[in-house]
Amino acid sequence: MSVVIKDLSAHIGESVALEGWVETTRSHGKVAFLILRDGTGVVQGVVLKKAVDDATWEAHGSLTQESTARVVGRVKQDDRAPGGFEVEVESLEVMALAEEYPIQPKEHGVDFLLDHRHLWLRSSQQRAGLKVRSEVQQAIHDFFYRRDFTRIDTPILTGSIGEHAGTLFETDYFGDPAYMAQTGQLYVEAACPAFRNVYCFGPTFRAEKSKTRRHLTEFWMVEPEVAFADSEDNMRLQEEFVSYLVERALENCAEELKVLERDTSKIDHVKPPFPRLSYTDAVARLTERGHDVTWGDDLGASDEAVLTEDYDLPLFIYNYPKEAKAFYMKENPDDPRTVLCDDLLAPEGYGEIIGGSQREDDLERLRERIREEKLPEEAYAWYLDLRRYGSFPHSGFGLGVERTVAWITGRHHIRELIPFPRLMNRLYP
RNA sequence: UCCGGGGUAGCUCAGUUGGUUAGAGCAUCUGACUGUUAAUCAGAGGGUCGUGGGUUCGAGUCCCACCCCCGGAGCCA
């Protein structure tokens with residue numbers, strides 16, 4: 001009977017077969033150990049020379065790090081074993097001997113590890129981080145499914161433009177330029193009148209030459225769009241959404257967060273409502289603290305760091321100046337210098353995890369904004385149609401998955417929270 | 001793009017005011033060991049000192065140019 005390691009506790013006293021990768025071996029002459037990983041867990045095997053035949057003893061001696069092996073043995077409780085139980089090996093068969101494995105259970109530099117990302121995935125902390133990512137992704141779908149949102153898959157190849165022309169990846173599309181999507185937002189807006197509440201979830205691409213721990217050139221973003229919702233509704237949805245993602249990770253990834261040495265007391269109280277600060281009040285507070293900010297400037301990384309220091313919850317900053325934000329955001333009727341929008345800043349310096357806004361639903365004002373920003377009006381013709389044929393108040397936001405998972409797991413750099421990160425100077429492996 | 005740091009063994013690093021044969025730990029290989037948890041102990045092999053040029057009797061070390069990496073800024077999720 002072949003079983004997986006995570007189910008071993010149900011087989012104590014039985015003889016079982018396991019298949020997996022050898023993490024390490026230790027030999028003591030007449031007793032030897034191996035650590036076997038099978039993707040569901042890790043277990044120690046014990047080989048006693050007098051208890052096995054020569055073929056098994058020699059097979060164990062030939063094992064190298066990351067070789068694959070099939071082990072048959074009896075599951076035994078033993079306090080000396082990591083995890084509380086171990087496998088007393090009866091026979092061992094090598095499936096494939098691995099060549100000298102480059103990644104050791106020691107320290108390595110970032111560049112080396114990223115060059116070996118295809119192997120680095122097997123390391124315990126990387127497995128834990130990506131497991132949390134997987135759980136968060138599932139939680140994203142569950143959250144919206146339960147609230148009756150329809151998932152809309154938006155195109156990755158686009159002819160029109162999302163936000164900032166300068167940071168688009170361009171490719172050839174049968175002789176015409178095409179661009180890798182920076183956002184699915186304009187398309188989910190188009191799906192709203194068909195399904196009311198919708199969301200898209202997929203990779204997005206930004207050709208920004210950013211070299212910080214918060215940036216990737218390819219990252220995953222989830223973008224809900226809600227019909228008949230204003231900016232207030234939007235922020236309420238955001239705080240409920242983020243709280244749910246954190247809750248799911250705490251519930252289903254306790255083991256992984258432990259492997260990652262995450263101090264969960266920093267996130268276990270993340271529940272609505274989140275603190276809110278208007279842009280104007282934020283500028284006033286920064287000025288009080290001696291920061292050199294003038295009203296109208298976008299907030300910099302150090303500004304955000306100072307503001308979030310005051311809270312142990314994510315912080316909303318809302319209603320930024322028009323000039324600092326995208327053309328499609330709705331003008332604030334109470335202060336036309338600003339737009340109805342919000343950024344959600346994660347605590348502990350993880351920065352902006354959400355950008356959201358109520359959308360401009362007035363055809364003429366939207367057209368004006370496109371002209372002000374000097375965007376090619378013809379590319380947005382279909383988007384303007386949405387205001388022409390049954391315009392409606394609506395709001396939405398985009399949440400960056402890697403930044404969110406980095407914050408939940410407490411990892412320093414978001415590149416570890418995507419299986420194969422794409423960075424400014426890295427397209428391999 | 002700008003600012004700062006760096007590139008020496010498979011990996012992580014040390015290398016003095018320029019000086020003879022460039023070192024350590026880990027990994028690998030060989031041997032010892034019946035309870036290891038990153039096992040330990042003994043031994044062995046392993047180097048285009050990022051690349052090119054220059055100064056010098058002599059350069060890993062000093063000078064110039066270039067390449068690459070890391071951290072940060074800007075921009076953003």
Side-chain angles (χ1 to χ4, degrees), chain A residues 23-35 42-51 57 61-62 64-65 76 78-84 86 88 98-116 119-120 124 162-164 166-167 182-185 201 203-223 238 242 297-305 320 324-326 342-346 349-356 397-407 412-415 417-418 423-426:
Chain A
E23 292 206 333
T24 179
T25 60
R26 288 182 283 272
S27 169
H28 293 262
K30 286 172 185 158
V31 62
F33 304 88
L34 76 153
I35 303 295
V42 173
V43 72
Q44 170 166 277
V46 187
V47 190
L48 290 165
K49 189 163 197 263
K50 64 179 182 185
W57 183 255
S62 75
T64 53
Q65 191 183 354
K76 205 182 107 187
D78 193 317
D79 294 338
R80 291 170 297 188
E86 63 187 16
E88 223 165 52
E99 292 177 25
E100 189 179 337
Y101 193 65
I103 299 180
Q104 303 165 26
K106 299 278 184 242
E107 277 183 42
H108 293 286
V110 180
D111 193 41
F112 175 82
L113 289 170
L114 286 174
D115 280 343
H116 295 86
L119 303 176
W120 189 25
S124 63
E163 291 179 17
H164 304 289
T167 58
Q182 284 186 326
T183 168
Q185 186 203 312
F201 188 16
T204 52
F205 307 87
R206 308 247 170 125
E208 291 163 2
K209 293 195 171 178
S210 301
K211 287 173 63 175
T212 79
R213 68 195 186 96
R214 303 184 303 280
H215 286 88
L216 298 167
T217 55
E218 177 180 318
F219 67 96
W220 281 60
M221 186 156 68
V222 53
E223 295 175 280
Q238 290 168 43
V242 168
D297 293 348
D298 204 355
L299 302 177
S302 65
D303 301 323
E304 290 183 356
Y320 281 73
K325 291 291 173 182
D342 67 88
D343 283 357
L344 184 64
L345 308 180
Y350 284 94
E352 188 182 342
I353 55 173
I354 283 181
F397 63 89
L399 173 134
V401 168
E402 291 77 16
R403 284 189 187 177
T404 303
V405 178
W407 163 54
H412 180 71
H413 201 301
I414 67 170
R415 64 188 161 212
L417 286 320
I418 186 166
L423 298 154
M424 196 174 124
N425 297 320
R426 188 168 288 281

A.B. asks: Take atom C1' in B/A59 and the same atom in B/U16, then report the distance between them in whole Å.
C.D. replies: 15 Å
A.B. asks: Does a side-chain heavy-atom distance below 4.5 Å link A/F219 with A/T204?
C.D. replies: yes
A.B. asks: Could you check which of B/G72, B/G74, B/G35 has an atom nearest any side-chain atom of A/A301?
C.D. replies: B/G74
A.B. asks: Could you please name the option among B/C76, B/G35, B/C69 that lies closest to any side-chain atom of A/D111?
C.D. replies: B/C69
A.B. asks: Give me the distances for all protein-to-nucleotides 9-12 of chain B N/O pairs that come in under 3.5 Å?
C.D. replies:
unit_1 : atom_1 : unit_2 : atom_2 : d
B/G10  : N2     : A/Q104 : NE2    : 2.5
B/C11  : O2'    : A/E107 : O      : 3.4
B/C11  : O2'    : A/H108 : ND1    : 2.6
B/U12  : OP1    : A/G109 : N      : 2.8

A.B. asks: Search all heavy atoms of A/F112 against all heavy atoms of A/I103 and return the closest pair with its distance.
C.D. replies: CE2-CG1, 4.3 Å
A.B. asks: Whole Å only: how far is the CD1 atom of A/I414 from the P atom of B/C70?
C.D. replies: 14 Å
A.B. asks: Where each residue is assigned the nucleotide of RNA chain B containing its nearest heavy atom, which of A/V401 and A/H412 is assigned the position nearer the 5′ end?
C.D. replies: A/H412
A.B. asks: Scan A/D78 against the nucleic acid and name what it touches under 4.0 Å (heavy atoms): base, sugar-phosphate only, or nothing.
C.D. replies: base
A.B. asks: Quick check: closest heavy atoms across A/D78 and A/E86, and the distance to 0.1 Å?
C.D. replies: OD2-OE2, 3.3 Å
A.B. asks: Is A/E86 touching bases, backbone alone, or none of the nucleic acid, heavy atoms closer than 4.0 Å?
C.D. replies: base
A.B. asks: Between A/F219 and B/A77, do the rings stack, that is, sit under 5.5 Å apart with planes less than 30° off each other?
C.D. replies: yes
A.B. asks: Looking for any heavy atom pair under 4.0 Å, which part of the strands does A/S27 touch: base, sugar-phosphate only, or nothing?
C.D. replies: base
A.B. asks: Which is true for A/I35 with a 4.0 Å heavy-atom rule: it touches a base, it touches only sugar-phosphate, or it touches nothing?
C.D. replies: nothing
A.B. asks: Roughly how far apart, to the nearest Å, are B/G19 and B/A32 at atom C1'?
C.D. replies: 43 Å
A.B. asks: Would you find a donor on one side and an acceptor on the other, under 3.5 Å apart, between the side chain of A/R403 and the backbone of A/E352?
C.D. replies: yes
A.B. asks: Do any N or O atoms of the protein come closer than 3.5 Å to N or O atoms of nucleotides 43-48 of chain B, and which pairs are they?
C.D. replies:
none

A.B. asks: Please state the P separation for the pair B/A9 and B/C49 - nearest whole angstrom.
C.D. replies: 10 Å
A.B. asks: When we call it a touch if two heavy atoms are under 4.0 Å apart, what does A/R213 touch: a base, just sugar-phosphate, or nothing?
C.D. replies: sugar-phosphate
A.B. asks: If I take atom CG in residue A/D298 and atom C1' in nucleotide B/C76, what distance separates them, rounded to the nearest angstrom?
C.D. replies: 9 Å
A.B. asks: Can you tell me how far C1' in B/U56 sits from the matching atom in B/C70, rounded to whole Å?
C.D. replies: 34 Å
A.B. asks: For B/G4 versus B/U40, give the span between their C1' atoms, rounded off to a whole number of Å.
C.D. replies: 43 Å
A.B. asks: Which listed nucleotide (B/A73, B/U37, B/C33) is nearest to the side chain of A/Q44?
C.D. replies: B/U37
A.B. asks: Rounded to whole angstrom units, what separation is found between the CG atom of A/D342 and the P atom of B/A77?
C.D. replies: 11 Å
A.B. asks: Find the distance A/E23:CD to B/A27:C1' and express it as a whole number of Å.
C.D. replies: 16 Å
A.B. asks: If we ignore hydrogens and angles and just use 3.5 Å, is the side chain of A/T64 paired with the main-chain N or O of A/A98 as donor and acceptor?
C.D. replies: yes
A.B. asks: For the pair made of CD in A/E352 and P in B/G74, what is the distance, rounded to whole Å?
C.D. replies: 13 Å
A.B. asks: For the side chain of A/R26 and the base of B/C33, is some donor closer than 3.5 Å to an acceptor across the two?
C.D. replies: no
A.B. asks: Select base, sugar-phosphate, or nothing to describe what A/L48 touches, counting heavy atoms under 4.0 Å on all strands.
C.D. replies: base
A.B. asks: Taking only the side-chain nitrogens and oxygens of A/N425, find out if one of them lies under 4.0 Å from OP1 or OP2 of B/C68.
C.D. replies: no
A.B. asks: Please tell me which of the listed nucleotides, B/G35, B/C70, B/A77, lies nearest to the side chain of A/H215?
C.D. replies: B/A77
A.B. asks: Side chain of A/V31: nearest nucleotide among B/A77, B/U34, B/U1?
C.D. replies: B/U34
A.B. asks: Drop me the distance from A/T217's OG1 to A/E208's CD, to the nearest 0.5 angstrom.
C.D. replies: 9.5 Å
A.B. asks: Check whether any side-chain N or O of A/Y101 sits under 3.5 Å from a backbone N or O of A/L119 as a donor-acceptor pair, and report yes or no.
C.D. replies: yes
A.B. asks: Is it the case that the base of B/C75 and the side chain of A/S210 share a donor-acceptor contact (distance under 3.5 Å, atom types as modelled)?
C.D. replies: yes
A.B. asks: Rounded off to whole Å, could you give me the NZ-to-P distance for the A/K325 and B/C75 pair?
C.D. replies: 11 Å
A.B. asks: Minimum heavy-atom separation for A/L417 and A/E402, please, with both atom names.
C.D. replies: O-CG, 4.1 Å
A.B. asks: Within the structure shown, what part of the strands sits under 4.0 Å from A/H116 by heavy-atom distance: base, sugar-phosphate, or nothing?
C.D. replies: nothing
A.B. asks: Measuring from atom OG1 of A/T24 to atom CD1 of A/I35, what distance do you get when rounded to the nearest 0.5 angstrom?
C.D. replies: 7.0 Å
A.B. asks: On a whole-Å scale, what distance lies between the C1' atoms belonging to B/U17 and B/G52?
C.D. replies: 28 Å
A.B. asks: Would you mind classifying the nucleic acid contact of A/K211 as base, sugar-phosphate or nothing, using non-hydrogen atoms under 4.0 angstrom?
C.D. replies: base
A.B. asks: Answer with base, sugar-phosphate or nothing: what part of the nucleic acid does A/A32 contact at a heavy-atom distance below 4.0 Å?
C.D. replies: nothing
A.B. asks: Using atom C1' in both nucleotides, what's the gap between B/A65 and B/U55 to the nearest angstrom?
C.D. replies: 15 Å
A.B. asks: Out of the candidates A/D342, A/D298, A/D343, only one should pair with A/K325 under the salt bridge (charged side-chain N to carboxylate O under 4.0 Å, His left out) rule; please name it.
C.D. replies: A/D343
A.B. asks: Could you pick out which residue, A/G29 or A/T25, lies toward the 5' side of RNA chain B when each is mapped onto its nearest nucleotide?
C.D. replies: A/G29
A.B. asks: Mind checking the P distance from B/C2 to B/G45? Whole angstroms is fine.
C.D. replies: 48 Å
A.B. asks: Could you tell me which non-hydrogen atom of A/E223 sits nearest to which non-hydrogen atom of A/G398, and how far apart they are?
C.D. replies: CG-CA, 3.8 Å
A.B. asks: Minimum heavy-atom separation for A/R214 to A/Y350, with atom names?
C.D. replies: CD-O, 3.7 Å
A.B. asks: How long is the span from the NE2 atom in A/H215 to the CZ atom in A/R415, to the nearest 0.5 Å?
C.D. replies: 14.0 Å
A.B. asks: Donor-acceptor pair, A/Q238 side chain versus A/L399 backbone, under 3.5 Å?
C.D. replies: no
A.B. asks: Identify whether the distance between the nearest side-chain nitrogen and carboxylate oxygen of A/R426 and A/D115 falls below 4.0 Å.
C.D. replies: yes
A.B. asks: Taking atom P of B/G72 as reference, at what distance in whole Å does atom CD of A/E304 sit?
C.D. replies: 15 Å
A.B. asks: Can you measure A/K209 atom NZ to B/C69 atom P for me and round it to whole angstrom units?
C.D. replies: 12 Å
A.B. asks: Could you summarise the pairing of RNA chain B as dot-bracket text, marking Watson-Crick and G-U pairs under 3.5 Å with ( ) or [ ] inside the strand and | across strands?
C.D. replies: (((((((..((((.....[...)))).(((((.......))))).....(((((..]....))))))))))))....
